[in-house]
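As structure tokens, the structure follows; a few thoughts come after it.
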Amino acid sequence: MASKLSVQGVTSGYVKGIDIVNDVSLEIQEDAITGIIGPNGAGKSTLLKTIFGFLHPSQGKMVFNRREIQTLSPFKLKQLGICYVPQDINTFPRLTVEENLMLGAWTFKRQRTLLKQRLGEIYDFFPVLGAKRGEKATFLSGGELQMLAIGKEVMTIPELLLVDEPSAGLAPMLVSEIYAFLQRIREQGVTIFLVDQNITKAVEVSDYMYLLEMGKIKKQGPKEDFEENIRGIIKDSLIAE
Amino acid sequence: MVTIDWTLLSQYIISGVVIGLIYSLMAMGITFIYGIMRIINWSMGEFYMIGGYLQYIIITHFLGVENWYLGVLLSMVGVFLLGMVVQGLLIKPMFQGSVERRTEYATIVTISLGVLFTNVAVIGAGPFIYSPPGYYHGTRILTLPVSGTRFVAFIGTIVLLSLFYLFLKKTWWGRAFQGAAQNRMGIQTAGIDVFRLDQIAFGIGVALAAAAGALLAPEFYLHPRCGSIATMKGFEIIVIGGLGSIPGVLCAGLLLGLIESLGAVFLNPSFRDVYGFLFLLAILAIKPTGLFEERERVA
């Protein structure tokens, strides 16, 4: 399996001299779900923000489809096919559901047929969004907002989807729905890099896992390695917190 | 017993609506820039002044007064481009990277810019007052006889505000601006260059100020400080209406115009500006976030 994204010795943080992610190297394989877990403050979200260009690494490089991307801005990365669903609900509260999704399709806004097709596909998977397409996002429930946030980012059919804590604060049934969606788009050829504190769920859906602690990769391996010792990993995570 | 001259009263009401709406154009520019970039542009009055001077030069030297509307458009385009350049050179760099207190720096930059433009106008135009010829002959709005220029400015403002509204609601770029005002991260994850949006928003905001300056140039005369009254009214309007609220701007503009106008009729016309300020103070006491505060849902 080829590497979709290669992160090589990346160090980054929010303030100069204080590194949150420290010399991290990892490979995200094509058409797979790669998961990264770790306790609060380990640097998981910072790593995703660095990959998507909100932060630029002070050291190291990142290669996506054989192109170095560490200096690129978020909108350029989106054009290259990388999409990012951040941890916080990332919708536009005073725009309608449909307007939110349409903004997600900015990079192909002139292709009306494709736009209509993608809207239809999102509504097929999340019928509640279709039913509420004319409502402002602020009137949606937490679960519906998360569906909208993910739907908005995947309007462009990403090559690589970065997802940060998609299940945070959601009811178990909604979590299953969100994960089912992620698995479905993975089957359609989307590579996924998933950050989640729901370790059991993350291990269940991922093909390969990384454990991040204090900004460094502490363990990595296929999901089976993590499944065998999941109790120990959860215990370590809780102690690290 | 006090008798009310209803014709006179209606004239003052219409007059208040006319001037309130025109000032709203200025306030719309301020609130639009704030909505997108979260900075207050303190040099709006100077962009108003530049719009007025450009209009004067265009219609007196090139197009003639009969083409005043083309002059307004060209003044807007000129100031739009100037705004884009100024934003790109002086403000944008502060928003790229992790600069702390960027809005404070931007405030200082816009204040300094205002001083610079005023002094450039003093050097360029000298200590003279200019007045382009009126755009239109005197006419009536219902019961109110109005100057042709004020009538044109009123209609021009309605047209510009309507176009601006349609732009925001019906176009991709308009939706992007609405999105940027609500969630800057969301705009970036959607693949939109938010810094480009900032630059265009600044250009559009100052172009609205230039439109007000160009439309009112024959009425209020041109001099290097001619934008200060319009700026003051613009800031009053956005505080009354609620910072960042477009419906708030329209409503507050009309209310301010009406209150100043009616205060002048029923109390004393010498203190016209004071009535607006008293209204502003009352709003600050009762509803400090303005009439149309836009509440966000907090998770």
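Reckoned from all heavy atoms, side chains included, excluding hydrogens, waters and symmetry mates. Lettering of chains follows the sequences in order, A, B, ..., and the numbering in each one begins at 1.
- Annotation for B:T189 and A:F52: closest pair CA-CE2, 3.9 Å, computed over non-hydrogen atoms.
- Checked by atom type and distance alone, the side chain of B:N183 never pairs as donor or acceptor with a backbone atom of A:F92 at under 3.5 Å.
- Contact detail for A:E153 and B:A190: the closest heavy-atom pair is OE1-N, 4.0 Å.
- Rounding to the nearest 0.5 angstrom, the gap separating the CG atom in A:N90 from the CD atom in B:Q188 is 9.5 Å.
- The number of heavy atoms from other shown groups lying within 6.0 Å of NZ (A:K136) does not exceed 12.
- Nearest approach of A:W106 to B:I192, heavy atoms of both residues: CG-CG1, 3.3 Å.
- Within 6.0 Å of atom CZ in A:F181, more than 12 heavy atoms from other residues, nucleotides or ligands are found, so the atom counts as buried in its surroundings.
- For A:P86 against B:M185, the heavy-atom pair with the smallest separation is CG-SD, 3.7 Å.
- When all heavy atoms of A:K152 and B:G186 are compared, the closest pair comes out as NZ-O, 3.2 Å.
- Contact of A:T91 with chain B is made through the backbone alone, with heavy-atom distances under 4.5 Å.
- Without hydrogens or angle criteria, B:Q182 side chain to A:R94 main chain gives a donor-acceptor distance under 3.5 Å.
- The 12-atom threshold is exceeded at CZ of A:F125, counting heavy atoms of other residues, nucleotides or ligands nearer than 6.0 Å.
- To the nearest 0.5 angstrom, A:R110 atom CZ is 10.0 Å from B:W172 atom CH2.
- Considering only heavy-atom pairs separated by less than 4.5 Å from chain B, the leading option among A:K76, A:E99, A:M155, A:M102 is A:M102.
- Chain B forms more heavy-atom pairs under 4.5 Å with one residue of A:T107, A:I82, A:N100, A:L95 than with any other, namely A:L95.
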